[in-house]
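Because the structure is a prediction, the values reported are computed rather than measured.
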Amino acid sequence: MFHHISRLFSWFSSLLLNGGNRWRTSSLCAAPCAALWAALWAALWALVFVSCENRMTDDPSLHLQYSQDSLLFVTVFTYEGSSTRTLVVRNPHQRALMIHSAHMQNGHSFRVNLDGEQDLTRIHDISVPGGDSLFIFVRATIDPDDRTQPLYVEDKLVLEVGDHTEQLVISAYGWDVELIDSLTIMRDTTLSARKPYLVRNYIYVDSLATLTIQPGSHLFFMDGAQLLCQGGIIAEGTADEPISFSSHRLDDLYTDIPYLYVGGKWAGIYLLRPAVASFDHVDIISANVGLFCQGTGSQQLTLLNSRIHNHDLYGLVMQDINGLVANSEISNAAHYCVYLSGGQHQFIHTTIASYFNHTRFAIQTTMRNDTISALYIHDLSKSHQRTELHLHNSIVAGVKRSCMMLATPLPQYYTGSFSHSYLQTDTIRAPYSVANVWGQRTDTVFVNTYYADKGHYYDFTLDSLSRARDIADSVWAALYPLDRRGFSRFADGHPDAGCYEYIPNL
């Protein structure tokens, strides 16, 4: 190759020297000839340079460069498989390197596409020119094996490059799941915690049935999937074995941004005239709506020691249903974190925090509506029963100047009450408000109210300078002497507002 280029170089030089002398006899042709001369020389040298870059080398000291030293899939569900991950393989040297062959060492659990070829047995003598690169696409698939704990699997992509071998470790944690495509429950049913559940479409509970979910259960929902209950639901976990409802996407949207931090990844939980609705030590994460409850005025929702976080529309909605919410965090919804319309409600030691999309990264599909309060009490409807809220030892805060709105025809006669709480609002100063701290959005309340990276995610525990410290009433605190994490509210003798007690040096 280089010999032919040398001959071509000599021919071009002779042509340009001889022809150029004849062309320069005319002054009219001087400029075009000079330009032609420069262009031909540039093209010739580029050809020589590229040819040199593509000269093959078998130097065993020269290796390909990988965008990652290894590849790990954090959690892969059986039946579903993982998303596709991409690796860039670059040749950082001047001369070309040859990939003679490629294969997986074990040949299980991973599907690899190398430079557009899915069948690695067909990889033969792929040239990677100097400074050039190619792509490797990898997807993990874990076979069901009836295991109850995640299984670690590992394989190696082996490349024969020149006269040496290069290996890339690919690994994954596989989790065997119970697959639910579309489930209609017509009689009392219990979901055990033996294995996680992967819901593709829906779980529907009929009006004559009650669904019981055991402590430690994990329910993962695919895009658009939901839990719809017209009967009863009992999801009572424990501090050691909480119950979780979340998206099935456990991988990363971008580097350092898990899908777990992105709202709207599943539809949510909807309760319509539930005969019983009891949630304890439950996490409901990253849906369109966290928990929607609609009754006829006689039903009750109980939500204890739970967390409803990061939803594209609403966190908790209660319409014409009575509610008891205690020791719980309801945070980060694009619209209302809590919306109440009709019913008798009691909130004790509850943290309502609205900082959705308060981040330097655009990770949400829905932008926060800054005109909407974190807590909205709708007491204007003539077609629904009165909305009465008694809120004690709690926190309502967010990025909006006023995060709490009471819509009632005659505020001075409202029958609800608000006491011993940190309230960021300028709309409630009525006689039914007792011993509250009136906050400003510039106050330091929580440890962290934004997302910067995995190490700086929203943390609604209390900051050491928080104005919500030591303001709770001991009588209400005695009803829930342990905070959501199990710490005593009376360790320093002065309980704090919200669901988290301040613990020094934690």
Side-chain angles (χ1 to χ4, degrees), residues 289-294 301 303 308-309 311-323 325 328-348 350-358 366-443 445-446 449 460 467-468 497-498:
V289 177
L291 184 57
F292 178 92
C293 313
Q294 186 176 56
L301 166 71
L303 181 72
I308 299 176
H309 174 71
H311 299 286
D312 257 5
L313 295 176
Y314 309 103
L316 172 63
V317 177
M318 288 192 281
Q319 295 181 337
D320 292 328
I321 190 169
N322 302 319
V325 179
S328 295
E329 174 193 318
I330 306 170
S331 56
N332 284 15
H335 294 271
Y336 302 112
C337 288
V338 177
Y339 178 90
L340 305 176
S341 179
Q344 308 294 309
H345 306 282
Q346 191 171 60
F347 282 54
I348 304 171
T350 294
T351 296
I352 301 173
S354 180
Y355 297 87
F356 184 89
N357 221 4
H358 196 213
T366 301
M367 296 303 295
R368 181 184 63 245
N369 190 330
D370 287 331
T371 66
I372 292 180
S373 301
L375 168 60
Y376 185 79
I377 308 161
H378 185 266
D379 189 40
L380 296 173
S381 177
K382 295 182 179 180
S383 59
H384 299 276
Q385 60 178 312
R386 295 292 305 274
T387 307
E388 187 175 296
L389 172 62
H390 299 276
L391 184 143
H392 309 292
N393 292 8
S394 296
I395 297 174
V396 181
V399 294
K400 193 174 183 290
R401 181 175 61 85
S402 184
C403 294
M404 180 175 174
M405 176 65 69
L406 170 61
T408 189
L410 299 171
Q412 65 272 28
Y413 298 112
Y414 184 67
T415 55
S417 60
F418 309 89
S419 72
H420 300 90
S421 297
Y422 176 93
L423 304 178
Q424 188 178 311
T425 180
D426 56 7
T427 63
I428 296 178
R429 293 290 191 274
Y432 41 77
S433 299
V434 179
N436 295 302
V437 171
W438 306 105
Q440 305 292 327
R441 61 181 175 182
T442 56
D443 289 346
V445 183
F446 306 112
T449 59
F460 297 118
R467 296 180 64 200

More than 12 heavy atoms of other residues, nucleotides or ligands under 6.0 Å from CZ of Arg386: yes or no? yes
Decide yes or no for Leu375 and Cys337: does some side-chain heavy atom of the first lie under 4.5 Å from some side-chain heavy atom of the second? no
Applying side chain to side chain donor-acceptor pair (under 3.5 Å), name anything that partners Asn393, two or more places apart in sequence or on another chain. His349
What's the separation between atom CD1 in Ile377 and atom CZ in Phe418, rounded to the nearest 0.5 Å? 4.0 Å
Quick one: does Val338's side chain get under 4.5 Å of Val325's, heavy atoms only? no
Between Asp312 and Ala334 the two heavy atoms that sit nearest each other are O-CB, 3.0 Å
Reported OG-to-CG distance for the pair Ser433 and Leu391, which is rounded to 0.5 angstrom: 9.5 Å
Heavy-atom closest contact (Ala497 atom, Ile395 atom, distance): O-CD1, 3.5 Å
Distance check, rounded to the nearest 0.5 Å: Ser341 atom OG versus Asp379 atom CG? 8.5 Å
Set of side chain to side chain donor-acceptor pair (under 3.5 Å) partners for Asp320, sequence neighbours left out: His384
Do the ring planes of Tyr336 and Tyr339 sit parallel (below 30°), tilted (30 to 60°) or perpendicular (above 60°)? tilted
Could you verify whether a donor N or O on one side chain and an acceptor N or O on the other, from Thr387 and His378, lie under 3.5 Å apart? no
Tell me, with the steps shown, if Leu389 and Tyr414 meet side-chain contact (heavy atoms from CB on, under 4.5 Å). CA-CA 10 Å; Leu389 172 62; Tyr414 184 67; 3.9 Å; yes
Residues Tyr422 and Ala397: closest non-hydrogen pair is CE2-CB, 4.1 Å
For Ala435, enumerate each residue passing the side chain to side chain contact (heavy atoms under 4.5 Å, CB included) test, keeping only those at least two apart in sequence or located in another chain. His420
Check: Met404 and Ser373 side chains under 4.5 Å, non-hydrogen atoms: no
Atom pair CG/CZ of Leu313 and Phe356 - distance to nearest 0.5 Å: 9.0 Å
Straight-line distance of Ile321 CD1 to Leu340 CG, nearest 0.5 Å: 11.5 Å
Hey, does the side chain of Asn322 reach the backbone of Gly343 with a donor-acceptor pair shorter than 3.5 angstrom? no
Can you give me the closest heavy-atom contact between Met318 and Leu316, atom names plus distance? CE-CD2, 3.9 Å
For the residue pair Arg467 and Asp443, what are the closest heavy atoms and their distance? NH1-OD2, 2.8 Å
Applying side chain to side chain contact (heavy atoms under 4.5 Å, CB included), name anything that partners Glu388, two or more places apart in sequence or on another chain. Gln344, His390, Thr415
Taking Leu423's backbone N and O only, do any of them form a donor-acceptor pair with Asn436's side chain (distance below 3.5 Å, no angle check)? no
What do the steps show when you test Leu303 against Ile308 for side-chain contact (heavy atoms from CB on, under 4.5 Å), and what is the final call? CA-CA 10 Å; Leu303 181 72; Ile308 299 176; 3.8 Å; yes
Going by the rule side chain to side chain donor-acceptor pair (under 3.5 Å), which residues pair with Gln346 if we only count those two or more places apart in sequence or in a different chain? none
Could I get the full list of side chain to side chain donor-acceptor pair (under 3.5 Å) partners for Gln424, not counting sequence neighbours? none
About how many Å separate CZ of Phe446 and OG1 of Thr351, when rounded to the nearest 0.5 Å? 5.5 Å
Mind listing the closest non-hydrogen atom pair of Arg441 and Gly398 along with its distance? CB-O, 4.0 Å
Examine distances only and state if a side-chain atom of Tyr432 and a backbone atom of Pro411 form a donor-acceptor pair shorter than 3.5 Å. yes
